[in-house]
Chemist: 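Got a structure for you, written out below as C-alpha cells; questions coming shortly.
All values below come from the heavy atoms of this structure, side chains included, with hydrogens, waters and symmetry mates left out. Numbering of ligands and ligand atoms starts at 1, following listing order.
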Amino acid sequence: MALERITQLLLELDSDNLVGQVRSSLESHVDPQDVLDALTRGMDLIGKRYESGEYFLTELVLAGETMKDAFEILKPHLTATGGGRKGPVILATVKGDNHDIGKNILNSMLVSAGIDVIDLGVDCPAEKIVGSAKDHGAKVIGLSSLLTTTMNEIATVHESLTKENIRNNVKLIVGGAPLSLELAKEFGADDYGADAMEGVRKIRDLLE
Ligand code: B12
C-alpha cells in the first residue's frame, strides 16, 4: 500500500508528499530496496507517459528532480554488505547523454558496499574515461546509457581502451533502459546490469 502510494506520488510529481511518504515508510521499516523499486516503477511509468505524449519535457525534468529528492532520503538506508574497500570503479554517463539518476544510485550503492568510485559525471567523452582508467589503474568501468541515439558510445569506449592497449586490464559493464546483455556484448562490453543491485553484485565479482 505504502509502496503503491510512493509510485503514485512520483507519477503525480508531488515532491513534498513523496518525501514524507518515503520517510514514514522507512520509519515503519519498509525495506529500502522495495522503496527504490517503487520509485523506479514510477520513473518507468513517467517514461511511458512521455512516450505516449501525455507528459512533456517539463514533466520529465520535474520527475528527475522529484526522484532526486526522494533518493536523498533513501540513500543512507541503502547499505549493501561487503568486506574491506575495493576499487576504484570508474562511472560515467556516455557522451551526448545527460541522464544521471540511475548512475548516481549505482554510485551510492557501490560506496555503501565498500567499493571506491570515481564518478566522471554525464556527457562524458571516451578519452576522459580512458584517461581516468589509466591514471587510477581502474579494473572496472561502468557506463550508463539511456538513449538509443548515443548508446553506440559504449563501442567507442571499448575501441579507445583497445587502442590504448588497456582493454585486457579493465572490465567494461554497462546499464540503462535501452540496453540488454546481448546489446552490451555487441558494443564490446563484458557485462550488463539491469539495476543497481545487480550492478553492485556483478561489479563486486568483476573486481575479484
Ligand atoms: C528522468 C528522465 C529524463 C531527465 C533526466 C534527469 C537526470 N538528471 O537524469 C531529463 C528531463 C533531463 C531527460 C532528458 C531527455 N530524455 Co529522458 N528520460 C527520463 C526517464 C523518465 C527516467 C530515467 C530515470 O532516471 N530512471 C530511473 C533510474 C533509477 O533508472 P535508470 O536510469 O534506468 O537506472 C537504473 C538501471 O538502468 C541501472 N543502471 C543505469 N546505469 C547503469 C550503469 C551501470 C554500469 C549498471 C551496471 C547499471 C546501470 O541501474 C539504475 C538503478 O537501478 C526515462 C524513461 C525510462 N524508462 O528510463 C526517459 C528517457 C530515457 N528519456 C528519453 C528522451 C527521449 C529524452 C530527451 C531526448 C528528451 C528531449 N526531447 O529533449 C532528453 C535527452 C537529454 C540528453 N541529452 O540526455 C527517452 C529515450 C528514448 C530512446 N529510445 O532513446 C526515454 C526512454 C523516455 C521515453 N520513453 O521516451 N530525461
Chemist: Tell me the protein heavy atom at minimum distance from atom 40 (C) of ligand 1, and give that distance in Å.
Modeler: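 Of the protein heavy atoms, Ser144 OG, 3.6 Å lies nearest.
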Chemist: To the nearest 0.5 Å, what is the distance between CD1 (Ile73) and OG (Ser25)?
Modeler: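 That separation rounds to 11.5 Å.
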Chemist: Provide the atom name of the closest N, O or S atom of His99 relative to atom 17 (Co) of ligand 1.
Modeler: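 Within His99, restricted to N, O or S, atom 17 (Co) of ligand 1 is closest to atom NE2.
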Chemist: Can you name the atoms of ligand 1, numbered from 1 with element, that are less than 4.0 Å from a heavy atom of Gly47?
Modeler: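 Close to Gly47: 21 (C), 55 (C), 88 (C), 89 (N).
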Chemist: Given that the side chain starts at C-beta and the backbone is N, CA, C, O, which of these parts of Lys68 lies under 4.0 Å from ligand 1, counting heavy atoms, or is it both or neither?
Modeler: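 It is the side chain that gets close, since no backbone atom is under 4.0 Å.
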Chemist: Report, in ascending order of atom number, the atoms of ligand 1 lying under 4.0 Å from any heavy atom of Glu51.
Modeler: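 Those qualifying, in numeric order: 89 (N), 90 (O).
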Chemist: Does atom 42 (C) of ligand 1 have a protein heavy-atom neighbour under 4.0 Å away?
Modeler: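 So far as the 4.0 Å threshold goes, atom 42 (C) of ligand 1 is in reach of a protein heavy atom.
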Chemist: Identify, by atom number and element, the atoms of ligand 1 in contact range of Ala194, meaning under 4.0 Å from any of its heavy atoms.
Modeler: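 Listed by number with element: 36 (C), 37 (O), 38 (C).
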Chemist: Can you name the closest pair of heavy atoms from Ile166 and Ala133 and give their distance?
Modeler: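 For Ile166 versus Ala133, the nearest heavy atoms are CD1-CB, 4.4 Å.
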Chemist: Has Ala63 got any heavy atom lying under 4.0 angstrom from an atom of ligand 1?
Modeler: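 The answer is no: ligand 1 sits nowhere under 4.0 Å from a heavy atom of Ala63.
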Chemist: May I ask you to identify the nearest protein heavy atom to atom 35 (C) of ligand 1, giving residue, atom name and distance to one decimal place in Å?
Modeler: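 Closest protein heavy atom to atom 35 (C) of ligand 1: Gly102 CA, 4.1 Å.
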Chemist: Picking from Arg5, Glu4, Glu12, what satisfies side chain to side chain donor-acceptor pair (under 3.5 Å) with Gln8?
Modeler: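 With Gln8 as partner, side chain to side chain donor-acceptor pair (under 3.5 Å) holds for just one option, Glu12.
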Chemist: Looking at Leu172 and Gly188, what are the two nearest heavy atoms and their distance?
Modeler: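 Residues Leu172 and Gly188, closest heavy atoms: CD2-O, 4.4 Å.
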Chemist: From atom 86 (C) of ligand 1, is the closest protein heavy-atom distance below 4.0 Å?
Modeler: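 Given the 4.0 Å cut-off, atom 86 (C) of ligand 1 does not count as touching protein heavy atoms.
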Chemist: Measuring from atom CG of Asp119 to atom OG1 of Thr93, what distance do you get when rounded to the nearest 0.5 angstrom?
Modeler: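 Spacing of CG (Asp119) from OG1 (Thr93) equals 7.5 Å.
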Chemist: Can you name the nearest heavy-atom pair linking Ile105 to Met67, along with the distance?
Modeler: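 Scanning both residues, the minimum pair turns out to be CD1-CE, 3.7 Å.
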Chemist: Would Asp195 and Arg201 satisfy salt bridge (Lys or Arg N to Asp or Glu O under 4.0 Å), going step by step from the backbone distance to the final call?
Modeler: CA-CA 10 Å; Asp195 56 32; Arg201 190 167 48 73; over 6 Å; no
Chemist: For ligand 1, which atoms sit closer than 4.0 Å to a heavy atom of Asp195?
Modeler: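 Listed by number with element, the hits are 38 (C), 50 (O), 53 (O).
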Chemist: How long is the gap from NE2 on His77 to OG on Ser108, to the nearest 0.5 Å?
Modeler: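 If I round to the nearest 0.5 Å, the distance is 12.5 Å.
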Chemist: Give me the residue, atom name and distance of the protein heavy atom closest to atom 76 (C) of ligand 1.
Modeler: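 The closest one turns out to be Asn98 N, 3.5 Å.
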Chemist: Closer than 4.0 Å to some heavy atom of Val61 - which atoms of ligand 1 meet that?
Modeler: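 Counting from 1, the qualifying ligand atoms are 11 (C).
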Chemist: Check whether any heavy atom of Ser145 sits under 4.0 Å from an atom of ligand 1.
Modeler: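 Heavy atoms of Ser145 never come under 4.0 Å of ligand 1.
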Chemist: At their closest point, which heavy atom of Gly176 faces which heavy atom of Leu146, and how far apart are they?
Modeler: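 That closest heavy-atom pairing would be CA-CD2, 4.0 Å.
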Chemist: Among Leu18, Leu3, Thr66, whose side chain to side chain contact (heavy atoms under 4.5 Å, CB included) with Leu39 holds?
Modeler: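 Output: one option passes, namely Leu18.
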Chemist: Provide the number and element of each atom of ligand 1 under 4.0 Å from a heavy atom of Gly199.
Modeler: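 Contacts of ligand 1 toward Gly199, numbered from 1: 47 (C).
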Chemist: Take Lys68 and Asp100 through the test salt bridge (Lys or Arg N to Asp or Glu O under 4.0 Å) and record every step on the way to the result.
Modeler: CA-CA 10 Å; Lys68 281 187 176 175; Asp100 67 355; 3.3 Å; yes
Chemist: How far is atom 50 (O) of ligand 1 from its nearest protein heavy atom, and which residue and atom name does that atom have?
Modeler: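 Ranking protein heavy atoms by distance from atom 50 (O) of ligand 1, first comes Ala196 N, 3.3 Å.
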Chemist: What protein heavy atom lies closest to atom 9 (O) of ligand 1? Include the residue and the distance to one decimal.
Modeler: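 It is Asp100 N, 2.7 Å.
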Chemist: Counting only heavy atoms, tell me which of Glu65, Met43, Arg41 gets closest to atom 27 (C) of ligand 1.
Modeler: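 Going through Glu65, Met43, Arg41 one by one, Met43 has the nearest heavy atom to atom 27 (C) of ligand 1.
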Chemist: Near Gly142, which atoms of ligand 1 are under 4.0 Å from a heavy atom of that residue?
Modeler: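 Heavy-atom distances to Gly142 below 4.0 Å select 45 (C).
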Chemist: For atom 57 (N) of ligand 1, which protein heavy atom lies nearest, and how many Å away is it?
Modeler: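 Of every protein heavy atom, Asp44 OD1, 3.3 Å lies nearest to atom 57 (N) of ligand 1.
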Chemist: Atom 5 (C) of ligand 1: protein heavy atom closer than 4.0 Å?
Modeler: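 Under the 4.0 Å cut-off, atom 5 (C) of ligand 1 does have protein heavy-atom neighbours.
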Chemist: Heavy-atom contact check, 4.0 Å cutoff: does Gly176 meet ligand 1?
Modeler: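 A heavy atom of Gly176 does come that close to ligand 1.
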Chemist: Spell out, as yes or no, whether a donor-acceptor pair under 3.5 Å connects the side chain of Arg23 to the backbone of Leu26.
Modeler: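 Judged by distance alone, no pair lies under 3.5 Å.
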Chemist: Any idea which atoms of ligand 1 are less than 4.0 Å away from a heavy-atom of Leu143?
Modeler: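 Checking each atom against Leu143, I get 43 (C), 44 (C), 45 (C).
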Chemist: Any protein heavy atom at under 4.0 Å, with atom 52 (C) of ligand 1 as the reference point?
Modeler: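 True for atom 52 (C) of ligand 1.
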Chemist: For atom 20 (C) of ligand 1, what is the nearest protein heavy atom, given as residue, atom name and distance?
Modeler: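 Nearest protein contact, heavy atoms only, for atom 20 (C) of ligand 1 is Leu60 CD2, 4.2 Å.
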Chemist: Quick one, Ile173 and Asp190 - any side-chain contact, counting heavy atoms below 4.5 Å?
Modeler: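 A side-chain contact under 4.5 Å is absent here.
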Chemist: Name the closest protein heavy atom to atom 77 (N) of ligand 1, giving the residue it belongs to and the distance to 0.1 Å.
Modeler: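 Ranking protein heavy atoms by distance from atom 77 (N) of ligand 1, first comes Gly96 O, 3.1 Å.
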Chemist: Tell me the nearest of Ile101, Leu147, Thr148 to atom 80 (C) of ligand 1, using heavy-atom distances.
Modeler: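 Ranked by closest heavy atom to atom 80 (C) of ligand 1, first place is Leu147.
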Chemist: Apply side-chain contact (heavy atoms from CB on, under 4.5 Å) to residues Leu147 and Val94 and explain how you reach the verdict.
Modeler: CA-CA 9 Å; Leu147 297 172; Val94 298; over 6 Å; no
Chemist: Could you report the tightest heavy-atom contact between Leu183 and Met151, atom names first, then the distance?
Modeler: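 Looking at all heavy atoms of both residues, the shortest contact is CD1-CE, 4.1 Å.
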Chemist: For Ile141, which of Leu91, Leu161, Val89 qualifies under side chain to side chain contact (heavy atoms under 4.5 Å, CB included)?
Modeler: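 The option that passes is Leu161.
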Chemist: Specify side chain, backbone, both or neither for Thr150, according to which of its non-hydrogen atoms lie closer than 4.0 Å to ligand 1.
Modeler: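 Looking at Thr150 and ligand 1, no heavy atom falls under 4.0 Å.
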Chemist: Is Ile105 touching ligand 1 with its side chain, its backbone, both, or neither, if touching means heavy atoms under 4.0 Å apart?
Modeler: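 Contact part for Ile105 vs ligand 1: side chain (C-beta onward).
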Chemist: Are Leu36 and Met109 close enough, and set up right, to give a side-chain contact (heavy atoms from CB on, under 4.5 Å), and what steps lead you there?
Modeler: CA-CA 11 Å; Leu36 181 60; Met109 290 183 63; 4.1 Å; yes
Chemist: Ignoring hydrogens, tell whether any protein atom lies closer than 4.0 Å to atom 48 (C) of ligand 1; use the non-hydrogen atoms only.
Modeler: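 Given the 4.0 Å limit, the answer for atom 48 (C) of ligand 1 is yes, a protein heavy atom qualifies.
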Chemist: Once you restrict to heavy atoms under 4.0 Å, what part of Pro178 touches ligand 1? Side chain, backbone, both or neither.
Modeler: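 Pro178 to ligand 1: no contact under 4.0 Å from either part.
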Chemist: Pick, from Tyr50, Phe56, Tyr55, the option with the minimum heavy-atom distance to atom 65 (C) of ligand 1.
Modeler: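 Comparing heavy atoms across Tyr50, Phe56, Tyr55, the nearest one to atom 65 (C) of ligand 1 lies in Tyr50.
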Chemist: Apply side-chain contact (heavy atoms from CB on, under 4.5 Å) to residues Ile154 and His158 and explain how you reach the verdict.
Modeler: CA-CA 6 Å; Ile154 295 167; His158 161 68; 5.6 Å; no
